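Here the structure is laid out as structure tokens; the discussion comes afterwards.
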Amino acid sequence: MARVMNFNAGPSALPLDALERAQAELLDLNGSGMSVLEHSHRGKVYEAVHNEAVSLVKELLSVPDNYDILFLQGGASQQFAVVPMNLIQAGKSADYVLTGTWSKKAHGEAKGLGTVRVAATTEKDAKFQRIPKQSELELDPNACYAHITSNNTIFGTQWQTFPEVGNVPLVADMSSDIMWRPTDVSKFGLIYAGAQKNLGPSGVTLVIVRKDLVEGGRKDIPKIFQYRTHAAENSLYNTPPTFGIYLLRNVLAVSKQKGGLSAMEQYNRKKAGLLYAAIDSRPDFYRCPVERDSRSTMNVVFNLPTPELEAEFIAESQKKGMVGLKGHRSVGGVRASIYNACEMGWIEGLVEFMGSFKKGA
Ligand SMILES: Cc1ncc(COP(=O)(O)O)c(C=O)c1O
């Protein structure tokens, strides 16, 4: 079986063990004579999978008891709307820190639903190539929440330490770096993430939300969009994306088996370190546009001297079994997405290719 070196930004590589487990269990899950796809979401067999998925999230991230763990649909983009719908109270506003395309989208959606402020942006002075400093944040101490994007998938920047926001609930879109390392969930009011990078397949969105925010959330919005609806029913208010949750369970079981998130962090830092070192070792040829202290451990972006050379680099890399290295269409360049499931061998393959490409030409 030839597996490629998969650097896709999302959906992206999944751990082989998680896929093989799905393959082995597909036709007959736990002796039930059918696949998870065919089980009722109200039955005991599925229920066990569902609850194991919730437990694994809780265990891996050490989620405190005063948080609900929800599996929702609609992607992170739906949360761009659902967060403000629930949390912006009448007469109050929410703060947004703009660090890239996704935070702009989140802010844009919230703008149509309530009053919002921009607490900081690095667009004008730095083209989103850095994360703002704490001193640059103009936070409203009465805001309903302050929203950040923890990792900017397109620009390749990542918050190294999370901002201090006082008593205001911190809300984070962690779609592209959730569970890349241990995270103190108690610093956040709400965390959301589309599953399709570090957690599993697309179609599931993980939301971790403090119970007081669930309880205090607005009631004048459709029931299906209220967090309390899903929290009260353990995400079984309506039919959940059962296969996606099953696969998320498989992926998280692998993360646990590999030593949990501390081990994940070590592995991820090593991978990113190797790749940035390869970029920095040929400064005349490769250039990472991101400020050093904002560099992402998940999405490594870099440029070659010309767009033509970048196109050639990507075409050549494909011949060597590497996929997904083309930068996002809005920024161009090269991007290696090296999430949890990206293997060290793939990084070594890429680094070797980078070292030899046009060397001495
Ligand atoms: C940081 C971030 N937020 C949000 C999204 C949008 O996610 P979805 O497609 O699940 O709506 C993405 C997609 O790549 C992302 O990287």
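Order of listing sets the numbers, starting from 1, for every ligand and every atom in it. Small disclaimer: the values here were computed from a predicted structure and weren't measured. We count residues from 1, following the sequence as given. All heavy atoms count here, side chains included; hydrogens, waters and symmetry mates do not.
Residue Val290 shares its hydrophobic cluster (ILVMFWY side chains chained together at separations under 4.5 Å) with Val301.
Rounding to the nearest 0.5 angstrom, the gap separating the CD atom in Glu47 from the CG atom in Asn234 is 8.0 Å.
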Pick out the protein N or O atoms lying less than 3.5 Å from any N or O of ligand 1, and list each pair with its distance.
residue	atom	partner	partner atom	Å
ligand 1	3 (N)	Asp173	OD2	2.6
ligand 1	10 (O)	Ala76	N	3.1
ligand 1	10 (O)	Gln196	NE2	2.9
ligand 1	11 (O)	Ala76	N	3.3
ligand 1	11 (O)	Ser77	N	2.8
ligand 1	11 (O)	Ser77	OG	2.6
ligand 1	14 (O)	Lys197	NZ	2.9
ligand 1	16 (O)	Trp102	NE1	3.3
ligand 1	16 (O)	Thr153	OG1	2.5

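Within a 6.0 Å sphere centred on CG of Asp284, other residues, nucleotides and ligands contribute more than 12 heavy atoms.
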Report all side-chain donor-acceptor pairs from residues 324-332 shorter than 3.5 Å, counting only partners two or more places apart or in another chain.
residue	atom	partner	partner atom	Å
His328	ND1	Ser330	N	3.1
His328	ND1	Ser330	OG	2.8

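Tested against Lys358 for a salt bridge (Lys or Arg N to Asp or Glu O under 4.0 Å), the candidates Glu312, Glu310, Glu316 yield a single pass: Glu312.
Within the structure, salt bridge (charged side-chain N to carboxylate O under 4.0 Å, His left out) contacts touching residues 96-106 (residues at least two apart or in different chains) are Lys104-Glu123.
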